[in-house]
Amino acid sequence: TKRERLRAIRDAGFNTFLLESGDVYIDLLTDSGTNAMSDIQWGAFMTGDEAYAGSKSFYNMEKAIHEYYGYKYVIPTHQGRGAENILSKILIKKGDIIPGNMYFTTTRLHQEMAGGIFKDVIIDEAHDPTNEHPFKGNIDFLKLETLIKTYGAEKIPYISVATNVNMAGGQPISMQNLRELRTLTQKHNIRIIHDMTRVAENAYFIQQREEGYSKVHVADIVKEICSYTDGATMSAKKDALVNIGGFLATNEWDIYEEGRNLVVVYEGLHTYGGLAGRDMEAIAIGIKESLDDNHQHARVGQVEYLGHKMMEFGIPIVKPIGGHGVFIDAKAFLPHLTQDQFPAQALAAEIYIDSGVRTMERGVVSAGRNDIGENYYPNLELVRFTIPRRVYTQAHMDVVAESVYSVYQKRKSIKGLKMIYEPKYLRFFQARFEKL
Ligand code: F0G
């Protein structure tokens, strides 16, 4: 009931991450680990090889990564951030500069904890929720070249390139941009490290939007994307359709050698990296299933269905509609609140109170603070409606859109929040708030 939801969100300090899932009706907190595994994946669970060393399930996963992504060496990790930790420790020295097409929370934190400084080189259009550029994940070469000139290429161990940029609203990078980036970075001898968490969704957008790709399969587009990069970190909990897992991949022996060494400290042996054999079996199959054209059409199509529904109601959302979710522009939704009043955090709480739909903040709370303790103030102040893969029906999407519309009608009465507890790292997960 509404009364129970009011109590639940107050007990959760107006942070949807602190709700119990039993108090949630439709859970759009994240698409991470919340996917439904297929019958084939569940079947493979039964054949997982739980040997401590040299599990055949590891070799199956490694084979899938070779075959579908093309990277040479593979180190399994418990999830994406495990790979980010190891990679950052290997490649980053104090004072190094890491350019990237918009930050991701855990990725940037690992870069910073290793002594690096993240620099955003995404095109300006990505910071504007109303701009309909088809490839808002693209790199701005002028920004990148300025960094290279200012700091020198030797200070840049790699450029961090995400496919289907999460924080921009699930926005793709084009193949042309990647190809040109490859040429530029080769000239300066700078690596490209690929955050391939949502690479298949990016490939689907390339198929739909980029000239010359309408008849190319998602699987072939993914392989081409990977071919322009030198290594990757992956959270398999997203595109690869599993509940837990990830890996670090590289084409360089030296990085592999050191990674294989570090993984035993932080994750587990280099043939399981914190995963059960059955998880690695499920990843091997999930990778393949994620590359099916029909699967991506249904998956992204469902996200677009929700986005269009919200647009019909006049709700301000990030355009174009993203791959893994719909992102509401909280600044436009609640123009009477300043960013210090946490409009996206407040709106996510209101939507939960209205219907039990759980979403999350992607704005000033998620952005955190810089190394001297100042808040980052991102231009994008968003509420993310992330759709788990193969879980919900169109009818659920209707309920979500109708709830947002009912909150929209009373938007003028929505008050901001005050942060009353702030954890040191990745504060959005555990911060607590009070209504102003
Ligand atoms: N990179 C991107 C682009 C991500 O979206 C995530 C996770 C990670 C890396 C880290 O991977 O969670 O497996 O350690 N994103 C989740 C989300 C948490 O809700 O967006 P992880």
Side-chain angles (χ1 to χ4, degrees), residues 62 64-77 80-93 96-102 104 107-108 110-111 114 116 118-119 121-122 137-139 141 144-145 147-148 151-165 173-200 202-203 206 220-236 239 246-263 270 273 287:
E62 187 188 49
I65 293 164
H66 288 161
E67 184 174 341
Y68 297 110
Y69 300 148
Y71 296 115
K72 251 192 202 153
Y73 307 110
V74 178
I75 295 168
T77 58
R81 69 198 73 178
E84 291 166 357
N85 174 38
I86 292 170
L87 180 88
S88 303
K89 282 198 161 66
I90 295 172
L91 287 182
I92 300 173
K93 295 188 304 298
D96 278 353
I97 304 294
I98 323 296
N101 54 348
M102 205 171 266
F104 183 71
T107 319
R108 184 179 65 191
H110 279 299
Q111 292 163 357
F118 172 84
K119 298 278 185 189
V121 292
I122 205 166
N138 279 357
I139 309 267
F141 295 123
L144 180 59
E145 284 181 284
L147 283 181
I148 297 172
Y151 297 98
E154 62 292 344
K155 274 270 181 214
I156 305 177
Y158 64 94
I159 164 161
S160 176
V161 176
T163 34
N164 238 38
V165 182
I173 180 169
S174 73
M175 197 71 91
Q176 188 190 340
N177 191 260
L178 255 176
R179 225 179 276 125
E180 287 169 16
L181 179 70
R182 185 60 172 177
T183 309
L184 177 74
T185 51
Q186 262 170 348
K187 202 171 92 194
H188 295 282
N189 208 14
I190 297 171
R191 287 179 195 85
I192 301 177
I193 298 292
H194 178 197
D195 181 340
M196 64 182 306
T197 297
R198 298 183 181 83
V199 65
N202 196 118
I206 288 176
D220 296 324
I221 299 174
V222 163
K223 194 92 183 258
E224 186 180 346
I225 291 173
C226 295
S227 76
Y228 299 130
T229 70
D230 301 290
T233 54
M234 168 71 154
S235 170
D239 267 4
F247 59 82
L248 170 63
T250 172
N251 292 333
E252 295 171 72
W253 170 260
D254 292 351
I255 295 178
Y256 171 64
E257 216 246 313
E258 201 167 335
R260 199 174 58 165
N261 218 310
L262 281 177
V263 77
H270 64 284
I287 287 172

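Throughout, numbering of the chain's residues begins at 1 and tracks the sequence.
Atom CZ of residue Phe118 and atom CD1 of residue Ile97 lie 11.0 Å apart, to the nearest 0.5 angstrom. Between the OG1 atom of Thr250 and the CD1 atom of Ile75 there is a distance of 8.0 Å, given to the nearest 0.5 Å. Taking CD1 of Ile156 as the reference point, atom CD1 of Ile92 lies at 12.0 Å (rounded to 0.5 Å). Taking CD of Glu180 as the reference point, atom CG of Asn138 lies at 9.0 Å (rounded to 0.5 Å). Between Glu257 atom CD and Ile255 atom CD1 the span is 11.5 Å, to the nearest 0.5 Å. Considering CD1 of Ile193 and CG of Leu91, their distance stands at 6.0 Å, rounded to 0.5 Å.
Contact check for Ser174 versus Ile206: no side-chain heavy atoms found under the 4.5 Å cut-off. Within the 4.5 Å cutoff, the side chain of Ile65 has no heavy atoms near those of the Met234 side chain. Inter-residue side-chain proximity for His194 and Tyr69 is flagged as unmet; no heavy-atom pair is nearer than 4.5 Å. Between Lys119 and Tyr151, the closest side-chain pair of non-hydrogen atoms falls below 4.5 Å. In this structure, Ile159 and Ile139 have side chains that are in contact, with non-hydrogen atoms separated by less than 4.5 Å. No side-chain heavy atom of Arg198 sits less than 4.5 Å from a side-chain heavy atom of Thr163. When side chains are defined from C-beta on, Glu84 counts as touching Asp195, because their heavy atoms get closer than 4.5 Å. A heavy-atom distance below 4.5 Å is not found between the side chains of Tyr228 and Gln186.
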(message) Before you tell me yes or no, could you show the steps for Tyr158 and Thr185 under side chain to side chain contact (heavy atoms under 4.5 Å, CB included), namely the whole-Å CA-CA distance, both residues' side-chain angles and the distance that decides it to 0.1 Å?
(response) CA-CA 9 Å; Tyr158 64 94; Thr185 51; over 6 Å; no
(message) I'd like to know whether Glu258 forms a salt bridge (charged side-chain N to carboxylate O under 4.0 Å, His left out) with Lys89, so could you lay out the CA-CA distance, the side-chain angles of the two residues, the decisive distance to 0.1 Å, and finally the verdict.
(response) CA-CA 10 Å; Glu258 201 167 335; Lys89 282 198 161 66; over 6 Å; no
(message) Let's go through Phe104 and Gln111 carefully: what are the C-alpha distance in whole Å and the side-chain angles of both, what is the deciding distance for side chain to side chain contact (heavy atoms under 4.5 Å, CB included) to 0.1 Å, and is it a yes or a no?
(response) CA-CA 10 Å; Phe104 183 71; Gln111 292 163 357; over 6 Å; no
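Not one N or O on the side chain of Asn164 forms a donor-acceptor pair closer than 3.5 Å with the backbone of Ala200.
Scanning all heavy atoms of the two residues, the minimum distance from Ile98 to Ser160 falls at CG2-CB, 4.2 Å. When every heavy atom of Thr197 is checked against every heavy atom of Ser235, the shortest pair comes out as OG1-N, 3.4 Å. In terms of heavy-atom proximity, Arg179 sits nearest to Glu224 at NH2-OE2, 3.4 Å. In terms of heavy atoms, Ile287 sits closest to Ala64 at CD1-CB, 4.3 Å. The nearest pair of heavy atoms linking Gly273 to Val263 is CA-CG2, 4.3 Å. The heavy-atom pair separating Val74 from Tyr256 by the smallest distance is O-CE1, 3.9 Å.
Under 3.5 Å, the side chains of Thr229 and Tyr71 contain a donor-acceptor pair of N or O atoms.
Of the options Lys72, Arg182, Arg191, a side-chain hydrogen bond (donor to acceptor under 3.5 Å, both in side chains) to Asp230 is made by Arg182 and by none of the others. Partner of Leu181 under the side-chain contact (heavy atoms from CB on, under 4.5 Å) criterion, out of Val121, Ile190, Leu144, Asn101: Leu144 alone.
Using cut-offs of 30° and 60° for the angle between ring planes, the Tyr73 and Trp253 rings count as perpendicular.
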